[in-house]
Structure formats: C-alpha cells, structure tokens
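This report refers to the structure that appears directly beneath it.
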Amino acid sequence: MILNRLHDLALGLPRVGKRVLAVLLDTLLCVATVLCGYYLRLGYWILPTGIQLLPIAVSIILAIPLFIRVGLYRAIFRYSGRAALGALALAGSVYGATFATVFTFIGIDKVPRTLGLIQPILLIAAVGMSRVAVRFWLGGGYAQIRAMNSRSRVLIYGAGRAGRQLAAALAGSSEMRVVGFVDDDTSLHDSLLNGQPIHPADRLEALIATEQVGHVLLAMPSATRARRSEILSVLKHSAVQVRTLPDLNDIARGRVTVNDLRELDIEDLLGRDPVTPNPVLLGRNVLGKTVLVSGAGGSIGSELCRRIMRLGPHCLILYDVSEPALYAVHRELVGIEPAGEGMPRAELVPLLGSVTDAKRLTSIMAAFQPDTIYHAAAYKHVPLVEHNPGEGLHNNVFGTLTTAQVAQAHGVSDFVLISTDKAVRPTNVMGASKRLSEMALQALAAEGGKTRFSMVRFGNVLGSSGSVVPLFRKQIREGGPLTITHADITRYFMSIPEAAELVIQAGSMAHGGEVFVLDMGEPVRIVDLARNMIELSGLRVRDAAAPDGDIEIAVVGLRPGEKLYEELLISAGDQPTDHPRIMKAREPMLGWAELSPKLDELASHIARNDAQAVRRCLQSLVPEFAPTDAVCDFVYLRQETTASA
C-alpha cells in the first residue's frame, strides 16, 4: 500500500531531511493560504500576477525565518505537544501582527486589505493542523490503525460460554480480530453476540472467503470428537489456521483466556470418541495400593502416573534410569490432587535405576512391597534399536524378565507389561524384543504363583516422543518439507490419556497370562496425516497439482526394520472382555522349561556382541520375526570392517 510505504519512508529519513521537508511544507502552506485568502475576499480564484504576488513573497520571507527562530523545526513532529503549540502561537502572533501591518494598515495597491487579516489566520491554522496530522501519521495513530487492519480476522466456532469468554479475551488482542461466530444451535442464528453476527455451520466456507478469515477458533469443549472431525473436514481445504480450546475439564477452573488456545489435537481427526472409563476397573489395582511404574519419565509411563495419582493410591513409586525425565515427572506429579473427594494424597517416591539391575529392584521391592507394577520401561525407537540390537534386547527382554522375576519373588499381585503392535509379525528387533517379552511373561504366568502377569498391546500414541506428530509440527514451523518414509505407510493411533486409561483397566481384568489388545479404530495413512496437519495450519501442500503451495511432503524411504503397516493380532479369534474397547488375544507361547535355556543362549550371544548369532537365535525364539534388512549393528559392523582390514 502506498500510504504504508510513505509512512515507513518518512520514519526512516534523517532528522535533517525531515526538517527540510517541514520547511518545504510550510512554504507550500504560505502560498496556498494566500491564494485561499484572495478567494475568500474576491469570491473567485485568481492566478496572482505582478504586485499580487507580493503577499506570497512576504509570507514566505516572514514566516520561515520566524518559525526557525522560535524553534518550530527543532521539535520531533511525531512527539510534538504543548511546547510546539506554544512556539506556533508565539510565531503566529508576531507573524499576524507584521503581515496585517503591511497589507491591512499600510495597504498595497491591488491587494485587498482584508487579506492581511485572513491569511495569517489561515496560515497558523494550516500549520497547526499539519503538525497534528504529522503527529497522528508518524506518532502512532496511523500505526495503530495499520496494526488493527493487519490483525488476523477470526471466526469463533461456538457461541456458548467458552466462545463468549474467548471473544472477550480477544478484544484486546494485537494479533486477532473477531469478525463473527458460527454455531450449530439454530436458535442463535442471525443474532448478535458482542456486536458480531452468529452464522449457521453451512455458511462456514463462504464466510471464510468473504470475510478473509485467517483463523478459525474451535470454542466447543463439549462437542463430540466425531462432530469436531466433521468440522475439520470442511476446514481442511479453506487455507485457514485452526486452533482449539481444551476440553471442559481443563477450562472448568475459570475464565477462558487467549493463552488457552492451542494447536489442534490431531486425535480430533480420528473421528471417534473415547469410551467413558469404567471407574471400578480403573480403581481395582490402584486405589489405596502401592503402585510402581517403571519408565515413569517416558510418554506412556508419565501419563500412567498422572492417571494413577488421581485414582488415590497409597504410594506411587516412579522408577526410571533417566535423571532429567524422573525429575520432570516428579515435579509435575507433586501438583496433582486425587480426583475423589476425601481421598488421601499419595506418597510420591522417585527412584533412579535400571530395569536390568536385579539388586536395585530387589532392594526397592523389599522396602516398599508394591501391589501393582506397570512396566513401561523400554527402548522403543525402531531404527535406534535396529542399530543397537544387543542393548535393545538386553533392556526390553531381560529388563522385563528381571523386573517380573523380582516382582514374583516379592509377592507383587499384578504385573502389567506395556507392549506394542510392532510385536505382531515383527520386521525389526524392537518389535521382536517386545514379542519375546510377552512370551517370557506368558511362560512365567503358566508356571503359576501369586503374581498375575498380563500384557497390553496397542499402536502409536499421538504426541509421544516416538510419534510423527511432534516431528511434523516442528517441520511445519520450519517451513517443511514433511518427511514420510513411504507413500503407503499406515499406523494405528490413539491419544496418550486414552491409552493410559485403557492400560489400567485392562490390567485389572487379568487372571494371568492374557495378552490384551486395545481397539485402535481404523489405521491412518501417514501421508494423509501429514496433509491434514499442513492444511489445518492454514497452509497448502506443494505438489505436482499445486506447485505454488507452501510445504512439500517428501518421501525419504523406509528406515531399517520399518514395515508398511502394523497389526494387533498374531492369531485370529480375539475374545471380548468386560470393556468394549479391550479384547483378549490368543497368542502362541513356549513353556518356561523350553524358553529359559533359549533365553540363556540369547544372553550369551548378546554378551559376545555376535549380532548374526543374536539374529538367528531371535528368529528361532520368535518364528514370526521376518527382518527386512541385513544386520546393521553399528559396533558389530565396525568390528567386522576392522577385522577384514
């Protein structure tokens, strides 16, 4: 815009340049006010000639030095105030008296005497108004209007209490300006809220175009996930950024503020609502008991701890090998209160240690006598475990076995392993290690004893450290590209809170040896997830059909051990349970007498770092393990290279 360019140019001029412009402006005003004075006296415009030009010359010769003398050009015009007006009044008085003396009291032939009175009034008024205009233009007034016009235009979806509070919070925002509401309630349509109209949902796309909307804010905390998914499917192709408010539980504490707005939860795109948890199942293994969570600082482990804290345990033991992760989760949990009225606050015990350290685990369990253990500790990043298979197996398999055997020796009632869909027909060491962990617990359960061992198997959790969602968000902020490993790759997804609640409920239904499988809904194509995240950020995908788009989706190739799709069941014939979203799988197993010597053999191969022998042994233990890549253990390959050299 030309005005904006002129504004920026004027602000950027040196002070001398600004003073020269001010002198030129006042010179033009001297000329203009003399011409206006002639018009007001004669009733028509004239082009002065001869002696009629004398008032113009006198005005310039008299006014400019006088303005310089009183310091009118020393003021910084965009901050001029009373001092500048005082200087102008003084100069105007002297100028008016002098000009009137020459042209009114003395008089000049062919120059109307009234010009001597009219022109000084016009000039001082014009100079004063020019200073006010400059102060507005350069001193902030114009900038405020410019900023107001540059604010993103916002539609709020939801005209209920949350929408009203959000609109009130945005009233003082320097970034967003509300231009209307959209709501599903037909009784509100075409009425006004905070001076803005409320529109029906079927006008949403048209409103975004006509109102040049940049953001749509979802202020509908009580809406079902299915309804939110329907709205998002409309918004995906509208080039607007979508933000949302938390759910009702999160905003029940007080007023909605702008800070409550957050990036869209991708679980909204799953299109299904979480099943209301069964309070009996949730509390059975937790309420009033001592609970230990291994891997407490991880994505799943920390969410399990949050849920457990609200369920009223007697004591919650946080066990993790990572000091920063343990510190962070402990500090957060200190502020969580039990959900039930009258529930005592749990004792929180943060403990450092590895799940492979039998001595450390023995001392902990002897001291605290836990009733329930949720075993979430694991190495889960597929490529890392593929490049470090010995350590992955040592931690995932033998760490699980060590923890389970110590728990069994100390009479722990329930031991729940957090497993993964990658354990089903695995193509990588990580998945095979989790399947072997399941088999070890199945074998221990078959031996009998007080401890009930169970496993809970599910897919990817949105927002976890291994999820693609945080990576995609980071790549969008950096301008792309979004990297996917294959155009056809699919994954099951579930939110972290939903997964944690289902894990707790599944474990409470165990009798010993069960593999529970969570209903993950339909698998999601990763390329579709990437596309949705780009479009719901108000951007366009750059591809062959839209070469001028904003962000590209790049296919970089499958990583070592990665498979195109995941499964949840090895064998057909899953069984229902008391929970509609939890099934029981029928999976093959080996007895402890057969499994134990094979595990000893695997451990000896790991100790020698014989990656080829480790793979052969792992394939014999887990017949479904079908690796797609050659051995890529970094240390083993370097040793082989060194030996051959």
Would Val355 and Thr400 count as a side chain to side chain contact (heavy atoms under 4.5 Å, CB included) if you check the C-alpha gap in whole Å, the side-chain angles of each, and the deciding distance to 0.1 Å? CA-CA 7 Å; Val355 291; Thr400 299; over 6 Å; no

Roughly how far, to the nearest 0.5 Å, is CZ of Arg531 from CZ of Arg525? 9.0 Å

Can you tell if the side chain of Met430 reaches within under 4.5 Å of the side chain of Lys434, non-hydrogen atoms only? yes

The single option from Leu287, Ile308, Ile504 passing side chain to side chain contact (heavy atoms under 4.5 Å, CB included) against Leu282: Ile504

The reported gap from CD1 in Ile364 to CG in Leu292 (rounded to nearest 0.5 angstrom) is 7.0 Å

Between atom CD of Gln369 and atom CE of Met365, what is the distance when rounded to the nearest 0.5 Å? 10.0 Å

Asp488 CG: over 12 foreign heavy atoms closer than 6.0 Å: yes

Spacing of Arg616 atom CZ and Gln612 atom CD [to the nearest 0.5 Å]: 6.5 Å

Ser596 side-chain N/O to Trp592 backbone N/O, donor-acceptor pair under 3.5 Å: no

Non-hydrogen side-chain atoms of Leu436 and Leu602 separated by less than 4.5 Å: yes

Check whether any side-chain heavy atom of Ile476 lies under 4.5 Å from a side-chain heavy atom of Leu482, and answer yes or no. yes

Residues Ala611 and Val631: closest non-hydrogen pair is CB-CG1, 3.5 Å

Taking the side chain as every heavy atom from C-beta outward, state whether Phe516 and Leu502 have any pair of such atoms under 4.5 Å apart. no

Kindly compute the distance separating CG (Leu361) from OG (Ser354), expressed to the nearest 0.5 Å. 7.5 Å

To the nearest 0.5 Å, how far apart are CG in Asp357 and CG in Leu352? 11.5 Å

Got a sec, which residues hit side-chain contact (heavy atoms from CB on, under 4.5 Å) with Gln619, two or more places apart in sequence or on another chain? Arg615, Phe625, Pro627

Can a side-chain donor-acceptor contact be found between Thr372 and Asn285 if the only test is distance below 3.5 angstrom? no

Work out which heavy atom in Ala499 is nearest to a heavy atom in Ile300; give both atom names and the distance. CB-CD1, 4.5 Å

salt_bridge(Glu587, Arg435) N-O dist < 4.0 Å: no

Stepwise, does the side chain to side chain donor-acceptor pair (under 3.5 Å) test hold for Ser419 with Glu438? CA-CA 8 Å; Ser419 190; Glu438 293 178 353; 2.5 Å; yes

Enumerate the side chain to side chain donor-acceptor pair (under 3.5 Å) contacts for residues 309-334, please, sequence neighbours excluded, ordered by first and then second residue. Arg306-Glu332

Could you give me the CA-CA distance, side-chain angles and deciding distance for Val517 and Ile582, then say whether side chain to side chain contact (heavy atoms under 4.5 Å, CB included) is met? CA-CA 6 Å; Val517 179; Ile582 302 173; over 6 Å; no

Hey, does Pro313 have a side-chain heavy atom less than 4.5 Å from the side chain of Lys289? no

Run Gln442 and Met455 through side chain to side chain contact (heavy atoms under 4.5 Å, CB included) and show every step you take. CA-CA 9 Å; Gln442 286 176 298; Met455 299 124 267; 4.0 Å; yes

Pair Gln475-Thr483, side-chain donor/acceptor within less than 3.5 Å: yes

Residue that, paired with Phe453, satisfies side chain to side chain contact (heavy atoms under 4.5 Å, CB included) out of Leu441, Leu417, Asp414: Leu441

